[in-house]
> 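Sharing a structure here in structure tokens format.
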Amino acid sequence: MQAAPVRATAIPSFTTALRAVESLLMSGGQRTARRNAWTSVLEDRRRAKDRVEAQRVLDQNVLRRP
């Protein structure tokens, strides 16, 4: 009895597959624009998180002062 053959290639992740489809459907400029837009969204979220943290620190310091 022989063992089943081992698969030599890894199954691509969903993200990898999505990027492959994206590259087929969109031109390079559209891909770049989409990635830049997503990077901007992530940066906006980071700044919003920083603002909330800064406000929390300010609120704590104002409450502690006599």
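What you see below is based on every heavy atom in this structure, not just the backbone, and it leaves out hydrogens, waters and symmetry mates. Positions are given from 1, in the same order as the sequence printed here.
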> Suppose clustering is done on Ile, Leu, Val, Met, Phe, Trp and Tyr with side-chain heavy atoms closer than 4.5 Å. Which residues sit in the same group as Trp38?
Val41, Leu42
> Who clusters with Phe14? Use side-chain heavy atoms, under 4.5 angstrom, across I, L, V, M, F, W and Y, and order the result by chain and number.
Leu18
> Just to verify, what does Thr39 make a side chain to side chain contact (heavy atoms under 4.5 Å, CB included) with, not counting sequence neighbours?
none
> Please identify each residue that fulfils side chain to side chain contact (heavy atoms under 4.5 Å, CB included) with Val57, with sequence neighbours left out.
Glu53, Asn61
> Can you sort out the partners of Arg47 under salt bridge (Lys or Arg N to Asp or Glu O under 4.0 Å), two or more places apart, ordered by chain and number?
Glu43, Asp44
> Does CZ belonging to Arg35 count more than 12 external heavy atoms closer than 6.0 Å?
yes
> Say you draw a straight line from CD of Gln60 to CD of Gln55; how long is it, rounded to the nearest 0.5 Å?
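The CD atom of Gln60 sits 11.0 Å away from the CD atom of Gln55.
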> Who pairs with Thr15 by side chain to side chain contact (heavy atoms under 4.5 Å, CB included), at least two apart in sequence or on another chain?
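Thr15 satisfies side chain to side chain contact (heavy atoms under 4.5 Å, CB included) with Ser13, Arg19 only.
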